[in-house]
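Taking it in order: structure first as structure tokens, then the write-up.
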Amino acid sequence: MASASPPPSFNNPPGYSFPHHRLSRVLRDSTKTPLVLVACGSFSPVTYLHLRMFEMARDYVRHNTEFEVVGGYLSPVSDQYKKPGLLAAHHRVTMCTLATEQTSNWLMVDPWEAVQDYQRTAVVLDHFDYEINTRLGGVTTADGEHRPARIMLLAGSDLIATMSEPGVWSERDLDHILGRYGVMIVERAGSDMQQALDSLARWRHNIHLIHQLIQNDVSSTKVRLFLRRGLSVRYLLPTPVVEYIEQRGLYMDDGPNASAASGAAVAEKDKREKEKVECGSSSNSAASSSSAPCDSSSSSS
């Protein structure tokens, strides 16, 4: 496990309240470790595969680990992600909320990341850890023992591929995400995970690979393409999401295709370049001071 970092400060928007109405606060099995799954993504729009990932992960946890899933969250990215096809955050949060509230009895949507500037995934996971374990006090057993919930990232195999790509994620944040929290990866049709996993061997014990028993290659990119061409997307998305899109004429004029992983890579590299410029400027102005120099390894997806 990675060493604990100093408690981060979080910029909560006015009126923000962390959603926990479906978070199980009492463990059913006191021999288990409570686990909260967090999926960060564009969700533009949210599809049935996004929701199925949580169900596959919960099945995997039940049959292969000593965890007990007590909650699941979709965390839509900020508008600053600047990915082609990225709809405004309020639309994406609303669609995710419609999907979870009307098709699930345990999934929730946290709008915190969506209203921030572009946030590193490490910071988003810290936010969940803080809200659930510090502010809410974690989870209790039937006999009243308090236990911290383990926060774990849930993602598709394209994310782990970007994590193994040199220069996209900082070593510091990889260690924070994969070492402290861990990740569950749902394979995508046609993906080859072995090379990516070999590059991340240091954290292999914290990377859980989930195989799709029924292959599903639905993607938001394909859905947007269907919508631009005037094709039906019913039964690819939850019905309330389809109706929301149709009523507002969304995605009729989309930008060039790009996967979520490529969007993350672009956003990450842009942020790293910006921080290098800011770091150089601040270092020059503080050359005579005793302040430590900027650490360019602190940025990540």
Side-chain angles (χ1 to χ4, degrees), residues 37-57 72-104 107-111 113-114 118 121 124 153-162 184-191 210 212 214-268 301:
L37 299 170
V38 177
C40 302
S42 303
F43 304 115
S44 188
V46 61
T47 72
Y48 271 127
L49 180 55
H50 292 131
L51 304 178
R52 274 293 300 163
M53 286 172 61
F54 283 93
E55 296 294 333
M56 287 186 279
Y73 288 90
L74 284 77
S75 180
V77 300
S78 162
D79 288 338
Q80 299 303 312
Y81 195 58
K82 296 180 180 178
K83 168 181 173 286
L86 187 67
L87 208 62
H90 72 276
H91 283 308
R92 293 181 287 112
V93 169
T94 299
M95 288 188 289
C96 287
T97 302
L98 287 170
T100 55
E101 292 296 325
Q102 297 191 33
T103 70
S104 173
L107 296 178
M108 294 163 280
V109 180
D110 182 15
E113 182 184 0
Y118 178 76
T121 302
V124 176
L153 183 65
L154 174 64
S157 55
D158 50 353
L159 178 73
I160 207 73
T162 69
M184 290 200 173
I185 298 295
V186 177
E187 67 171 0
R188 295 282 176 88
S191 62
I210 303 171
Q212 288 198 62
I214 299 177
Q215 291 296 328
N216 183 340
D217 66 349
V218 172
S219 70
S220 298
T221 301
K222 293 176 181 177
V223 168
R224 295 196 303 270
L225 179 61
F226 271 40
L227 289 168
R228 290 202 309 275
R229 293 181 175 178
L231 300 176
S232 171
V233 294
R234 289 188 178 272
Y235 312 114
L236 298 177
L237 321 177
T239 298
V241 175
V242 175
E243 293 174 345
Y244 184 89
I245 291 171
E246 290 178 345
Q247 290 167 4
R248 290 159 181 80
L250 304 178
Y251 299 112
M252 295 299 102
D253 183 17
D254 201 3
N257 291 342
S259 69
S262 65
V266 171
E268 168 59 18
S301 171

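From a predicted model like this one, the values you see are computed outputs, not experimental measurements.
Distance CG/L153 to OG1/T121: 6.5 Å, rounded to 0.5 Å. Rounding to the nearest 0.5 angstrom, the gap separating the NE2 atom in H50 from the CG atom in L107 is 12.5 Å. Going from atom CG of L49 over to atom CD of E55 covers 12.0 Å, rounded to the nearest 0.5 Å.
The side chain to side chain donor-acceptor pair (under 3.5 Å) check on S75 picks up E113, with sequence neighbours excluded. Residues that satisfy the side-chain contact (heavy atoms from CB on, under 4.5 Å) test with A57, not counting sequence neighbours, are L37, L154, M184, I210. Looking at residues two or more places apart in sequence or on another chain, you find no salt bridge (Lys or Arg N to Asp or Glu O under 4.0 Å) involving D110.
For residues 38-50, no residue pair satisfies the salt bridge (Lys or Arg N to Asp or Glu O under 4.0 Å) rule, not counting sequence neighbours. Sorted by first and then second residue, the salt bridge (Lys or Arg N to Asp or Glu O under 4.0 Å) pairs involving residues 39-52 (not counting sequence neighbours) form an empty list.
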Only distances under 3.5 Å count here; give the side-chain donor-acceptor pairs of residues 231-246 to other protein atoms, sequence neighbours excluded, each with its distance to 0.1 Å.
unit_1 : atom_1 : unit_2 : atom_2 : d
S232   : OG     : R234   : N      : 3.2
R234   : NH2    : E246   : OE1    : 3.2
Y244   : OH     : H91    : ND1    : 2.8

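Of the possible donor and acceptor atoms, none in the side chain of D79 sits under 3.5 Å from a partner among the backbone N and O of A88. At least one donor-acceptor pair closer than 3.5 Å links the side chain of S44 to the backbone N or O of G85. Checked by atom type and distance alone, the side chain of R92 pairs as donor or acceptor with a backbone atom of V77 at under 3.5 Å.
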Stepwise side-chain contact (heavy atoms from CB on, under 4.5 Å) test for T100 and M108: CA-CA 6 Å; T100 55; M108 294 163 280; 6.0 Å; no
From CA spacing to verdict: side-chain contact (heavy atoms from CB on, under 4.5 Å), V93, H90: CA-CA 5 Å; V93 169; H90 72 276; 5.9 Å; no
side-chain contact (heavy atoms from CB on, under 4.5 Å) evaluation trace for Y48 with V218: CA-CA 8 Å; Y48 271 127; V218 172; over 6 Å; no
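Residues E187 and I160 form no side-chain contact, since every pair of their non-hydrogen atoms from C-beta on lies 4.5 Å or further apart. Contact check for T47 versus S220: side-chain heavy atoms found under the 4.5 Å cut-off. Residues L87 and P45 have side chains not in contact (no heavy-atom distance under 4.5 Å, counting atoms from C-beta outward).
Closest approach of Q215 and Q212 over heavy atoms only: NE2-O, 3.3 Å. Among all heavy-atom pairs drawn from Y73 and F54, the shortest one is O-CZ, 3.3 Å.
Across P111, C40, C96, a single residue satisfies side-chain contact (heavy atoms from CB on, under 4.5 Å) together with P76, and that is C96.
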